[in-house]
Visitor: 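Dropping the structure in here first, questions after.
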Number of protein chains: 2
Amino acid sequence: MVQTRREKLRETTVEEIKAVARRQMGEQGGANLSLRAIAAEMGMSAPALYRYFDNRDKLVTALIVDAYNSLADFMVASTGQIANDAYGKLFLAKCLAFREWALFNREQFILIFGTPIPGYHAPPEITTPAAWRSNSQFMQILDDAWKAGRISIPTEYQGLTSPLHLKLVEIFKQRDYDMPAPLIHIAMAGWGVIQGLVSLELYGQMDYFGESDTALYQLECIAYLKRLGLET
Amino acid sequence: MVQTRREKLRETTVEEIKAVARRQMGEQGGANLSLRAIAAEMGMSAPALYRYFDNRDKLVTALIVDAYNSLADFMVASTGQIANDAYGKLFLAKCLAFREWALFNREQFILIFGTPIPGYHAPPEITTPAAWRSNSQFMQILDDAWKAGRISIPTEYQGLTSPLHLKLVEIFKQRDYDMPAPLIHIAMAGWGVIQGLVSLELYGQMDYFGESDTALYQLECIAYLKRLGLET
DNA sequence: ATAATTTAGCTAACAATGTTAACTAAAGCA
DNA sequence: TGCTTTAGTTAACATTGTTAGCTAAATTAT
């Protein structure tokens, strides 16, 4: 598929629109990104943007997909130096990368994990695969560690079964993750902790606990891994 | 402080405005609450609302405070039948109440814990005390249980210290919570888990794991309590 | 009771927003 | 060269929050 000159120009314009949108979100904050403001900064009229995105929601969706990919790339890059079987170290590095990306890409994090923009609902068939790219990285490590026999499931999780667990196992099998129910449960809980702590910190809901600090977050990640028998 | 007739009328109008706002948020969804729509439903003109709230943000703040109080009340009511020293049961009941309130008051939950409404920033001096009313309930139980010697701090947390921990201890002392650093840490992590899991569920970020279910959440709460040596 | 004042509401208007319609000029292709 | 597609324009509409200026009612003071 060769790109014609026109297609190339079009693509750079699309990228510029998204870049300007991201910058403006970062500056004047959050969800009130304005097509008109974007157009103005680019020196063109607002309706011209409709040549590139059907409507505002399509633009938002594109930004969300980009954000997911940016996060996923950042997480992948964070484990470059670490041995493939140092599961605890790998997991911790990705946890810290997750938070770091969130802090340095506030608006994009909010775009992904925060309240949907007013009136906007993400089309799952587009955003779900993009989302999976980042959070499956945690799953992957746990799966690898499990297969290598390095994970010990804490007693409080052993023997816990429910219809939901069986269903979860099925869903994960479809994605080639052959993990026992308690481990899936642990993984999801971990995901909840990570996302929850970062969200609390980012939304300022932890402000009355004092200023933000890596230490608390890191300690919690380490504690989580220790519980699974993974050293860092 | 006797209320004059005028003040009473005014108060009922204020309450009606908030009620209509809540209903409309619940119906047509989230953050796009419209002063004009509220006014229209109440059979008055939009500018009339400015007699009751200086601007939209003030209205939002009032809704947030109400939401916090509603949540706090619901949590308080959830433990009516439970013995004062059944700490695990108390904590679990409040956890379940938290999620239940969130599911049945979606928009209000989002208002509190989600991304701030576009352009809106909550004044901390008003919202923080209201927030504390709900989440201190978790703290209170842990504090009571700790003083009763019923909590055993897991090994992975013991001996973890940091400047942040010392600061946290100070902050909590100011609020009359005399808890050791690791316990505070555990409490905050628990808060992260609870809020994180409910958020994930509510924002549909867990949809690819299957439909929502009380079981997963409840199991995670129980596991958390077990880790502290609290039976449910 | 009458006069003064405060309050609750109105309409009109302004500056934004997303979006559509109708049109123009340029680029690419037969 | 002529036809079609594309990128852009301006004008306009229906929304939004908000301010200004006015009216009529309710309360308070004389």
Side-chain angles (χ1 to χ4, degrees), chain A residues 1-21 24-25 27-64 111 116-123, chain B residues 1-18 20-21 24-25 27-64 107 111 116-123:
Chain A
M1 183 65 174
V2 184
Q3 256 190 340
T4 74
R5 165 165 175 76
R6 220 177 213 168
E7 283 170 342
K8 269 195 291 184
L9 280 177
R10 188 180 174 79
E11 199 176 304
T12 63
T13 307
V14 166
E15 287 307 316
E16 189 188 346
I17 293 173
K18 291 191 293 185
V20 171
Q24 290 197 353
M25 282 200 324
E27 280 176 9
Q28 51 174 134
N32 50 357
L33 88 170
S34 152
L35 294 188
R36 292 182 117 107
I38 295 169
E41 182 171 326
M42 293 179 66
M44 63 199 232
S45 68
L49 293 178
Y50 286 76
R51 296 281 155 187
Y52 301 95
F53 296 96
D54 289 356
N55 48 40
R56 199 192 59 153
D57 282 13
K58 289 283 172 61
L59 170 58
V60 171
T61 301
L63 291 173
I64 288 178
L111 203 57
I117 285 185
Y120 170 83
H121 193 59
Chain B
M1 183 66 176
V2 185
Q3 256 190 340
T4 74
R5 165 167 177 75
R6 218 175 216 170
E7 284 169 342
K8 269 194 292 184
L9 281 177
R10 188 180 174 81
E11 198 177 303
T12 63
T13 307
V14 165
E15 287 306 316
E16 189 186 348
I17 293 172
K18 291 192 291 186
V20 171
Q24 290 195 355
M25 283 200 324
E27 279 176 10
Q28 49 174 129
N32 50 357
L33 90 169
S34 152
L35 293 188
R36 292 182 119 107
I38 295 169
E41 183 172 326
M42 293 179 65
M44 63 198 232
S45 70
L49 292 179
Y50 285 76
R51 298 279 154 186
Y52 301 94
F53 296 94
D54 289 356
N55 48 40
R56 199 193 56 157
D57 282 13
K58 288 284 173 61
L59 170 57
V60 171
T61 301
L63 291 173
I64 288 178
E107 299 306 333
L111 204 57
I117 285 184
Y120 171 83
H121 192 60

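Chain naming here is simple, since letters A, B, ... match the order of the sequence lines and numbering starts at 1 in each.
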Visitor: So does A/R6 reach the base of C/dG28 with its side chain, donor to acceptor, closer than 3.5 Å?
Guide: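 Per atom types, no contact qualifies.
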Visitor: In whole angstrom, what separates A/F53's CZ from C/dT20's P?
Guide: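 So the two atoms are 16 Å apart, to the nearest Å.
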Visitor: Counting only side-chain heavy atoms from C-beta out, which of C/dA8, D/dT10, D/dT18 sits nearest to B/R51?
Guide: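 Out of C/dA8, D/dT10, D/dT18, the nucleotide with an atom closest to B/R51's side chain is C/dA8.
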Visitor: Is a salt bridge present between B/E15 and B/K18, judged by a nitrogen-to-oxygen distance below 4.0 Å?
Guide: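 Salt bridge: yes.
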Visitor: For B/E11 and C/dA8, give me the distance from atom CD to atom P, rounded to whole Å.
Guide: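 In whole Å, C/dA8 P lies 13 Å from B/E11 CD.
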Visitor: What's the closest nucleotide to the side chain of B/R10 if the choices are C/dA13, C/dT20, C/dA8?
Guide: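 In terms of side-chain proximity for B/R10, the closest of C/dA13, C/dT20, C/dA8 is C/dA8.
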Visitor: Restricting to non-hydrogen atoms, name the atom on A/V14 and the atom on A/Y52 that form the minimum distance, rounded to 0.1 Å.
Guide: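 Smallest interatomic distance, heavy atoms only, reads CG2-CD2, 3.8 Å.
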Visitor: Using a heavy-atom cut-off of 4.0 Å across all strands, would you classify B/A48 as base, sugar-phosphate, or nothing?
Guide: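 Sugar-phosphate, backbone atoms only, no base.
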Visitor: Using modelled atom types only, decide if a donor and an acceptor are shared between the side chain of B/E7 and the backbone of B/T4 within a distance under 3.5 Å.
Guide: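 Pair found, side chain donor or acceptor close to backbone of B/T4.
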Visitor: Could you state the OH-C1' distance from A/Y52 to D/dT6, rounded to the nearest angstrom?
Guide: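 For the pair A/Y52 OH and D/dT6 C1', the rounded distance is 9 Å.
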Visitor: Give the rounded distance in Å between these two atoms: CE of B/M42 and C1' of C/dA8.
Guide: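 Taking atom C1' of C/dA8 as the reference, CE of B/M42 is at 12 Å.
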Visitor: Could you state the CG-P distance from A/N55 to C/dA21, rounded to the nearest angstrom?
Guide: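 Rounded to whole Å, this separation is 14 Å.
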Visitor: Looking at C/dT19, C/dG9, D/dT9, which one has an atom nearest to any side-chain atom of B/M44?
Guide: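 Nearest to the side chain of B/M44 among the choices is C/dG9.
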Visitor: Taking the side chain of A/S34 as heavy atoms from C-beta outward, which of C/dG9, C/dT17, D/dT10 is closest to it?
Guide: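 So the nucleotide nearest the side chain must be C/dT17.
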Visitor: Side chain of B/L35 only, please: which of D/dT18, D/dA11, D/dA12 is the nearest?
Guide: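 Closest nucleotide to the B/L35 side chain: D/dT18.
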Visitor: Between C1' on D/dT6 and OH on A/Y50, what's the gap in Å once rounded to a whole number?
Guide: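 Rounding to the nearest Å, OH of A/Y50 and C1' of D/dT6 are 19 Å apart.
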Visitor: Send over the distance from B/R36 CZ to C/dA13 C1', rounded to a whole Å.
Guide: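 Distance check: B/R36 CZ to C/dA13 C1' gives 10 Å.
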Visitor: Would a distance-only check, ignoring hydrogens and angles, find a side-chain to backbone donor-acceptor pair under 3.5 Å from B/D57 to B/V60?
Guide: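 Checked: no pair found.
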Visitor: Return the nearest nucleotide to the side chain of B/R5; candidates are C/dG18, C/dA21, D/dT27.
Guide: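 In terms of side-chain proximity for B/R5, the closest of C/dG18, C/dA21, D/dT27 is D/dT27.
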Visitor: Rounded to the nearest Å, what distance is computed from the NZ atom of residue A/K58 to the P atom of nucleotide C/dT19?
Guide: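 It is 11 Å, rounded to the nearest whole Å.
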Visitor: With sugar-phosphate meaning primed atoms plus P, OP1 and OP2, does B/S45 contact a base, only sugar-phosphate, or nothing at under 4.0 Å between heavy atoms?
Guide: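 The answer is base, as B/S45 lies within the cut-off (heavy atoms under 4.0 Å) of a base atom.
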Visitor: Taking all heavy atoms of A/L49 and all of A/L35, pick out the closest pair and write down the distance.
Guide: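 Here A/L49 and A/L35 meet closest at CD1-O, 3.3 Å.
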Visitor: Does the base of D/dG17 carry an N or O that pairs as donor and acceptor with the side chain of B/R56 under 3.5 Å?
Guide: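 A donor-acceptor contact between them is absent.
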